[in-house]
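Convention: sequence-line order gives letters A, B, ...; per-chain numbering from 1.
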Amino acid sequence: MSASSAPDRFETARLEKLNKIVDLGVDPYGQRFDDHLPIAEARRRAPGEPGIIGDEVRVAGRILRWPKTGKLQFVHIQDATGRIQLMMSKADLSDEQWTLISALDLGDVVGVDGKLRRTNTGEITVFVERLTILCKSLAQPPEKFHGAKDIELLLRHREVDLIYNEGVLERLLLRSRIVDSVRQTLRSKAFVEVETPVLHAIAGGAAARPFHTHHNALDIPLFLRIALELHLKRLMVGGVERVYELGRVFRNEGIDATHNPEFTMLEAYQAYGNYESMMDLTEAVISDAVRTVLTARAMAAGDAVADAPPADDGRLTLPWGEGTIDFTPPWPRRKYADLFQEHVGCDISDAAAVQTAAASHGIEWANVHPDVVVSEVFEACCEQHLTGPVFVIDYPAAICPLTKRKTGDPRFAERFELYVEGMELANAYTELNDPRLQEELFRTQLAGLPDEESMAKMDHDFISALKVGMPPAGGLGIGIDRLVMLLTNTRTIRDVIFFPLLRPERVAPRGGGGAAESP
RNA sequence: GAAGGCGUAGCUCAGUCGGUAGAGCAACGGACUUUUAAUCCGUAGGUCCUGGGUUCAAGUCCCAGCGCCUUCACCA
């Protein structure tokens, strides 16, 4: 498990076999291996019954299971598309090949040529005529039946998790397909993908604590971005009318089942639109992604039960825990104030009643802006009821410093959040394009928020861009990791990220563990 | 950042009241030409997370530290 160079007894045993392979004049780390079939494709070509000799095929993969049974060996290998059994008979192979086989272990990568057949028990099998070692593995695989279970081990050595635990690779590959789908939907609507700076002099566009870094040559402090918003709006000023970025943002906050310090955000901006245009866009992006997942699931099922067409009732329904989520659009649009009235039992403008509700949930309200109190009461009382998908629309203006006020009612901002299963999945608004109001909102610090966490940070480059003139526009943000969680029935964000952040393992404790004195 | 739980062989896990460190799988040697967690015989494998303490004796009790998990706080 450790990165130590001292081989353990398992590695030593494998090194001995590696040397045995070298003694045969064979490269234990292999060479280019052309024209092999994906295992799933080889399985499709297999004959239907035992006794029929099928196609000659070439496949490659990692050895996963190997009950060693004398002069007739059955080995199971796996590639990205599936698993297949190999049968190796001493009588059919040269002495050199049999020696090579005796030097193989679980975890080695091999390629084989042979004919597809079924065994007496009906299992699809390649009857090996020639075996090629492509990589000798020096690591001991986990227990064959229970697999690796220790969460820390799986996260620190994700490659082991990917190889030996079923469904892990599939889920993460499905993430890639979902991201493809999001890009395709946006492209089909003429949105242009761009890349804006990750290193910011001012980390703006959201309320979050940033990561600090430093540029040596310029000798200036820099921050990793916490949002994509401000640069993308400047591009809209510059004439990129439909623009999006799908990229990593970084927030220096706590870590839990739904938060990783770096996560993937989609932000899309549409000139001449508003928050209602963004609701339509959100429905399109997400329902297309749901269709992608349904298609992938149908294909996986079709592979197992041979070309049965997927049952299609026209609904976009995906499993979630014991139940399901129905993503079939259109999704309901509920006013923030109405939901507040419904679940809290008072009007958001009734300050006394809101304070009472806040106090009963242990929420601080003295010297806090009334809209911030409303927002915290909403989160405490309403969010868990929003199983959704549901658009919550028209937020209290003071908690939306980058949002245009509602025409005729400046108490509210033209903002929506999309909730699914109590999780905030998307956040969007009609963008504020009045530079003087924007500057004023930046100057008016939000009550109760320390400066570093405030959304109201003055970005002069952004204000001067707004002075050039940004057309009216809608803007949308979707947390891609959470979208993937909801679409793949996954409860923790670390299972939709290949390498979630962990505290580094301490190497070489050098004696005095906790006894280290401080200066 | 706070509270609770966990940490024993490569892996999955037992370990009673404080009294010689255990099993299965994997590994190594042997038998075996249709296995499906193959089977059978044999061998080897331990910093019980780390460091202190109590005790005749600590995997077990106490203190401190490290890591992970869960819940909470911050946040999306």
**Q** Test for a donor-acceptor pair under 3.5 Å between the base of B/U35 and the side chain of A/Gln85, counting only N and O atoms.
**A** yes
**Q** List every contact pair, protein side and nucleotides 45-47 of chain B side both N or O, where the distance is under 3.5 Å.
**A**
{"residue": "B/G45", "atom": "O2'", "partner": "A/Arg9", "partner atom": "NE", "Å": "2.6"}
{"residue": "B/G45", "atom": "O2'", "partner": "A/Arg9", "partner atom": "NH1", "Å": "3.3"}
{"residue": "B/G45", "atom": "O2'", "partner": "A/Arg9", "partner atom": "NH2", "Å": "2.7"}

**Q** Apply side-chain contact (heavy atoms from CB on, under 4.5 Å) to A/Ala358 and list each qualifying residue two or more places apart in sequence or on a separate chain.
**A** A/Ile363, A/Trp365, A/Val373, A/Val377
**Q** Now, which nucleotide makes the Watson-Crick or G-U wobble pair with B/A3, with each of the two distances under 3.5 Å?
**A** B/U70
**Q** Quick check on B/C69: is either OP1 or OP2 less than 4.0 Å from any side-chain nitrogen or oxygen of A/Arg494?
**A** yes
**Q** Can you name the side-chain contact (heavy atoms from CB on, under 4.5 Å) partners of A/Leu64, sequence neighbours left out?
**A** A/Gln78, A/Arg83, A/Ile163, A/Tyr164
**Q** For the C1' atoms, the ones on B/G46 and on B/G59, what distance do you get once it is rounded to whole angstrom?
**A** 11 Å
**Q** A/Ser181: which residues meet the side chain to side chain donor-acceptor pair (under 3.5 Å) condition with it, sequence neighbours left out?
**A** A/Thr292
**Q** Does A/Lys90 have a side-chain nitrogen or oxygen under 4.0 Å from the phosphate oxygens OP1 or OP2 of B/U33?
**A** no
**Q** Answer with yes or no whether A/Asp256 presents, from its side chain, a donor or acceptor under 3.5 Å of a partner atom in the base of B/C74.
**A** yes
**Q** Counting only side-chain nitrogens and oxygens, does A/Lys144 get under 4.0 Å of the OP1 or OP2 atom of B/U12?
**A** no
**Q** Run through A/Asp394, A/Asn427, A/Thr430, A/Thr403 and flag the one making a side chain to side chain donor-acceptor pair (under 3.5 Å) with A/Arg415.
**A** A/Asn427
**Q** Suppose you measure atom C1' in B/G45 against the same atom in B/A21; what distance do you get, rounded to whole Å?
**A** 12 Å
**Q** Restricting to ring pair (Phe, Tyr, Trp, His ring centres under 6.0 Å), what partner residues turn up for A/His343, sequence neighbours left out?
**A** A/His385
**Q** Looking only at atom P, what distance separates B/G18 and B/C63, rounded to whole Å?
**A** 16 Å
**Q** Classify the side chain of A/Thr125 and the base of B/U34 as holding, or not holding, a donor-acceptor pair under 3.5 Å.
**A** no
**Q** With C1' as the reference atom in both, quote the distance from B/U55 to B/G19 in angstrom, rounded to an integer.
**A** 12 Å
**Q** According to the side-chain hydrogen bond (donor to acceptor under 3.5 Å, both in side chains) rule, which pairs have a member within residues 84-95 of chain A, sequence neighbours left out?
**A** A/His76-A/Gln85, A/Gln85-A/Thr125
**Q** Take atom C1' in B/C17 and the same atom in B/C11, then report the distance between them in whole Å.
**A** 32 Å
